[in-house]
Amino acid sequence: MTTKDVAAGQNLDRLKENLARVEELSQRLMAAMSQKQPVNPALSGPNQELYTKAMQTYWTEAVQNPSKLLEHQIGFWGSSLKHFVEVQQTLARGKLEAPEDPGPKDRRFSNPLWDSHPYFNFIKKQYLINADTISRAVEDIEHLDDTEKRRLTYFSRQILDMMAPTNFFGTNPDALQKAVETDGESLVKGLENLVSDLEANNGELVVRLADERAFVLGENIATTPGEVVYRNKMMELIQYTPDTDQVYATPIVLFPPWINKFYILDLKEQNSFIKWVTEQGYTLFVVSWINPDPSYRDVGLEDYIEDGYLTAFREVKEITGQSEVNAVGYCIAGTTLSLTLSLMKQRGDKTVKSATFFTTLTDFSDQGEFTPFLQNDFIDGIEQEVEAKGMLPSFVMARTFSFLRSTDLIYGPAIKSYMMGETPPAFDLLYWNGDGANLPAKMAMQYLRGLCQRNEFSEGTFELMGHTLKLSDVDVPLCSVTCETDHIAAWKDCYRGVQKMGARSKTFIVSESGHIAGIVNPPSKKKYGHYTNTDLKQDAEGWMEGATFTAGSWWPRWEEWLRKRSGKKVDARKPGDSDHPTLGPAPGTYVTIKAIR
């Protein structure tokens with residue numbers, strides 16, 4: 001038997017194995033899909049009424065102003081014809097090559113074949129022509145109010161992103177090359193990844209972003225030493241072990257968002273904000289929120305304030321013997337810290353010495369990129385969902401955020417996992433991103449209706465706990481840290497809220513980068529800089545125009561600001577006391593609770 005015969009036999013055996021795997025995976029695929037719950041139409045995509053209204057408006061304008069429609073059509077057909085002629089001329093020269101491609105680069109088309117191969121180049125250029133035409137048509141629609149136009153723009157962009165040729169096996173050169181190089185093994189592995197993701201999510205397609213087996217909380221992620229010193233139905237209170245012999249007298253109480261887990265601030269030692277704070281000589285307490293199940297249906301913002309914020313303040317004061325604390329709130333936890341400060345102001349409670357807000361929205365008058373999701377039809381769908389389930393499942397929020405950056409967080413990972421057969425990376429940030437949390441039904445609707453839709457806190461009409469809470473009541477010295485490219489809490493919107501706060505002392509910082517990277521920006525990396533300006537009387541554009549840029553992390557600047565409000569040094573405090581025996585090591589038990597559907 002020749003070497004060639006042996007190789008052929010091995011290839012045949014491999015083919016048989018792959019066919020058997022495909023058959024088994026196909027059965028698992030069908031079983032997984034059968035678990036999928038019926039889709040709530042209001043949450044599954046754009047409202048048909050929106051497209052109908054847009055089309056009516058477009059054709060009405062076409063009748064009244066036919067030159068506009070003609071311009072779109074001539075532009076589209078002219079570009080397509082020019083593109084086709086260029087390809088024909090190039091092929092007529094007898095060479096299998098693409099015409100010159102001087103256009104702007106799109107990182108989806110990074111494979112050289114998109115530029116050099118006539119087939120892929122033709123597909124890419126025609127897609128970009130189609131996308132540009134549709135975008136221009138939407139942009140040129142008049143007589144559609146701003147909100148509806150924003151929604152139409154968003155949903156049109158989603159369709160264009162979904163239809164990119166990179167998302168289809170037959171028009172993705174990377175996937176085709178990988179399939180040839182691996183004799184189809186990449187496709188089988190891709191099917192395995194697809195089936196695994198469906199099985200893990202009850203038939204719902206949620207692309208796994210990270211290798212979940214690579215991380216264990218408390219072992220190689222969320223490892224800063226500390227102890228749980230208090231626990232109730234809403235939160236575990238973690239006191240971190242001091243890193244210095246002496247600490248500042250006034251403790252810090254940090255409230256992370258409960259949409260996600262707190263350990264975004266404690267991923268690894270080298271980028272852990274929590275670790276860094278203890279190294280600067282502070283007593284740090286961090287709240288780890290419960291991951292709610294349907295039994296938390298009637299839990300509202302008042303419960304987060306009473307059993308979270310106010311309780312944490314009380315326990316921290318008892319443990320440290322201090323009458324004041326410095327409070328920090330991140331994202332929605334910063335919004336709720338603002339509510340709490342308004343309540344405390346009206347009650348005459350002066351516990352909070354200073355407040356720091358990370359990427360915190362308090363004025364929702366401009367809904368920005370979330371406009372499509374904050375209209376009544378979508379919120380009505382959310383309300384139906386939470387009424388049925390008692391909670392807003394984490395995947396709804398995760399999917400919403402992901403579609404704001406669908407190429408990076410949906411299609412890109414899906415291509416690598418399902419078409420290329422690659423194992424998701426062992427990336428701590430993406431692991432955290434996939435470790436979501438549910439929201440209680442009542443709290444979700446209070447937030448979406450009262451704060452986001454009606455902007456009641458900024459307007460001074462938000463009713464809670466027997467008080468009318470007002471943004472202007474927030475009068476403690478404050479520092480607001482925002483992020484330049486944040487698509488969740490745009491810095492200009494955060495700035496507008498800070499301007500309405502009643503504090504005399506306000507520090508406003510804009511960090512480079514986005515919602516996460518701009519905050520988790522340790523000085524050691526020397527990666528992103530930040531902007532500062534003490535004049536907060538101007539509008540956002542004026543503030544930035546007059547701002548000073550500083551290279552490097554904002555962390556040291558914030559620490560310098562906080563130090564002035566933290567009192568004298570005292571002997572370092574061990575976690576807990578006789579009345580607060582430790583209940584287990586950090587990161588605690590609540591953080592390990594996985595979101596349920």
Side-chain angles (χ1 to χ4, degrees), residues 39 43-46 106-110 131 151 153-168 172 174-175 190 193-194 196-198 200-201 204-212 214-215 221 257 259-261 263-264 267 271 330-332 359 368-374 378 392-439 483-490 513-521 528 594-595 597:
V39 175
L43 300 181
S44 62
D106 184 323
R107 55 195 176 88
R108 288 175 295 183
F109 305 115
S110 58
R151 299 180 75 199
T153 299
Y154 168 81
F155 288 123
S156 298
R157 183 74 258 167
Q158 292 304 315
I159 292 172
L160 293 175
D161 288 347
M162 180 177 66
M163 297 306 295
T166 46
N167 296 338
F168 301 92
N172 186 316
D174 293 300
N193 291 340
L194 172 63
S196 295
D197 286 352
L198 288 168
N201 295 282
E204 191 77 38
L205 183 54
V206 180
V207 185
R208 191 156 40 102
L209 300 178
D211 184 358
E212 298 173 358
F215 298 101
I221 195 171
I259 292 174
N260 301 102
K261 306 286 185 70
Y263 64 89
I264 185 59
L267 291 174
N271 64 356
Y330 192 169
C331 193
I332 190 176
T359 63
E369 291 196 47
F370 282 93
T371 297
F373 306 106
L374 292 177
F378 191 84
L392 182 61
S394 67
F395 85 91
V396 175
M397 294 295 290
R399 186 172 59 188
T400 300
F401 290 139
S402 294
F403 272 111
L404 292 175
R405 294 293 182 270
S406 57
T407 296
D408 295 331
L409 296 177
I410 297 177
Y411 301 120
I415 289 167
K416 290 180 180 178
S417 184
Y418 307 149
M419 287 192 204
M420 309 287 287
E422 296 177 5
T423 301
F427 186 12
D428 55 357
L429 178 59
L430 291 179
Y431 172 81
W432 166 84
N433 190 68
D435 188 14
N438 304 315
L439 300 181
C483 299
E484 188 176 17
T485 58
D486 193 333
H487 64 285
I488 295 173
S513 196
H515 194 72
I516 300 300
I519 297 298
V520 184
N521 181 26
Y528 300 119
K594 296 296 182 181
R597 290 188 178 278

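Side chains are part of it too, since the values below use all heavy atoms of this structure and drop only hydrogens, waters and symmetry mates. Residue numbers run from 1 in the order of the sequence given.
With values rounded to the nearest 0.5 angstrom, Phe155 atom CZ is found 13.5 Å from Leu160 atom CG. Atom CZ of Arg405 and atom CG of Asp161 lie 10.5 Å apart (nearest 0.5 Å). From Leu267, atom CG reaches atom CZ of Phe427 across 8.5 Å, with rounding to the nearest 0.5 Å. Rounding to the nearest 0.5 angstrom, the gap separating the CZ atom in Phe403 from the CD1 atom in Ile410 is 3.5 Å. Residue Thr407 holds its OG1 atom at 8.5 Å from CD of Gln158, rounded to the nearest 0.5 Å.
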Would you check, one step at a time, whether the test side chain to side chain contact (heavy atoms under 4.5 Å, CB included) holds for Val520 with Leu429? CA-CA 10 Å; Val520 184; Leu429 178 59; over 6 Å; no
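Residues Leu209 and Leu430 share a closest heavy-atom pair of O-CD1, 3.5 Å. What you find for Ser394 and Asn438 is that their closest heavy atoms are N-OD1, 2.9 Å. The nearest pair of heavy atoms linking Lys594 to Tyr431 is NZ-OH, 3.7 Å. Of all heavy-atom pairs between Ala210 and Pro424, the closest is C-CB, 3.6 Å. His515 and Ile519 make their closest contact through O-CG1, 3.6 Å (heavy atoms, listed as atom of the first residue, atom of the second, distance). Shortest non-hydrogen contact noted between Cys483 and Gly514 is SG-O, 3.2 Å.
For the pair Asn193 (side chain) and Ser417 (backbone), a donor-acceptor distance under 3.5 Å is present. A donor-acceptor distance shorter than 3.5 angstrom exists from the side chain of Asp197 to the backbone of Arg208, with no hydrogens or angles considered. Remark: the backbone N or O of Tyr528 is paired with a side-chain donor or acceptor of Asn521 at under 3.5 angstrom.
The closest side-chain heavy-atom distance from Val207 to Tyr418 is below 4.5 Å. Side-chain contact between Ile488 and Thr359: absent, with no pair of heavy atoms (C-beta onward) separated by less than 4.5 Å. Contact check for Asn260 versus Asp435: no side-chain heavy atoms found under the 4.5 Å cut-off. Within the 4.5 Å cutoff, the side chain of Trp432 has heavy atoms near those of the Ile516 side chain. Between Ser406 and Arg157, the closest side-chain pair of non-hydrogen atoms is not below 4.5 Å.
Ring-plane geometry between Phe378 and Phe373 is classed as perpendicular, the angle between the planes exceeding 60 degrees on a 0 to 90 degree scale with a lower cut at 30.
Listed by chain and residue number, Ala164, Tyr411, Ile415 satisfy the side chain to side chain contact (heavy atoms under 4.5 Å, CB included) test with Asn167 (two or more places apart in sequence, or in another chain).
Counting non-hydrogen atoms of other residues, nucleotides and ligands closer than 6.0 Å to CE of Met163 gives a total of 12 or fewer.
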